[in-house]
Amino acid sequence: MNVPPTAIAPLMVIGANKVTQERRERQASAIKRLARVGDISLADVAPKGSAQISAQRGDHLPAAWQPDRCVCRKGASREGDCKNRAGDRFAGKLANEKFVANANPDVVAADRERLGDLEGQSASLKLALARISEAA
């Protein structure tokens, strides 16, 4: 996202459950120091134009802190293309009945899990791209 290493951004955690909220409170100082963020707040929905920084947990940077949208859009698009290509490779392997029949069941299970992870990450990137476009 072309964020300078010295930048300290606020962090907004979206849709955190009770366990996540407790962890955030307990570990706030470590999170701030290690993630280089300022204030940490909770919200139910992401602010318009926020930049997503975690594909699985749903943490967001609020709209008040705006990274370079053009750079964000290119990076998210490039990463999404990479995830889609990797997902296509795994989907192709798993669609091959001969591979599934002859491969070690642990390998097939791992490939299915990896494909599911890639699909989830791809969906998160699509959402991030939509938010970036919405803010532009």
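Keep in mind that the numbers below use all heavy atoms, side chains included, and drop hydrogens, waters and symmetry copies.
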Anything under 3.5 Å between a donor and an acceptor, one on a side chain of residues 88-98, the other on a protein residue two or more places apart or in another chain? List them.
from, atom 1, to, atom 2, distance (Å)
Lys93, NZ, Asp111, OD2, 3.0
Asn96, OD1, Lys98, N, 2.9
Asn96, OD1, Phe99, N, 3.3

Please list every donor-acceptor pair under 3.5 Å in which a side-chain atom of residues 9-16 meets a protein atom from a residue at least two apart or in another chain.
none

Item checked: From Leu42 atom CG to Arg24 atom CZ, the distance as rounded to the nearest 0.5 Å -> 4.0 Å

Margin query: Could you measure the distance from the CD1 atom of Ile8 to the CZ atom of Arg33? Nearest 0.5 Å is fine.
Written below: 12.0 Å

Notebook entry, point to check: Of all residues at least two apart in sequence or in a different chain, which pass the side chain to side chain contact (heavy atoms under 4.5 Å, CB included) check with Lys126?
Noted result: Ser122

Next item on the list: State whether the number of non-hydrogen atoms from other residues, nucleotides or ligands found under 6.0 Å of Glu22 atom CD is greater than 12.
Entry: yes

Check: With sequence neighbours excluded, what pairs up with Asn104 under the side chain to side chain donor-acceptor pair (under 3.5 Å) test?
Finding: none

Margin query: Run the side chain to side chain contact (heavy atoms under 4.5 Å, CB included) test against Asp44 and tell me which residues pass, sequence neighbours left out.
Written below: none

Next item on the list: Return the set of residues passing side chain to side chain contact (heavy atoms under 4.5 Å, CB included) with Arg85 (not counting sequence neighbours), or none when no residue passes.
Entry: Asp81, Cys82

Note to self: Are Arg112 and Val108 packed together at the side-chain level, in the sense that at least one heavy-atom pair is separated by less than 4.5 angstrom?
What the structure shows: yes

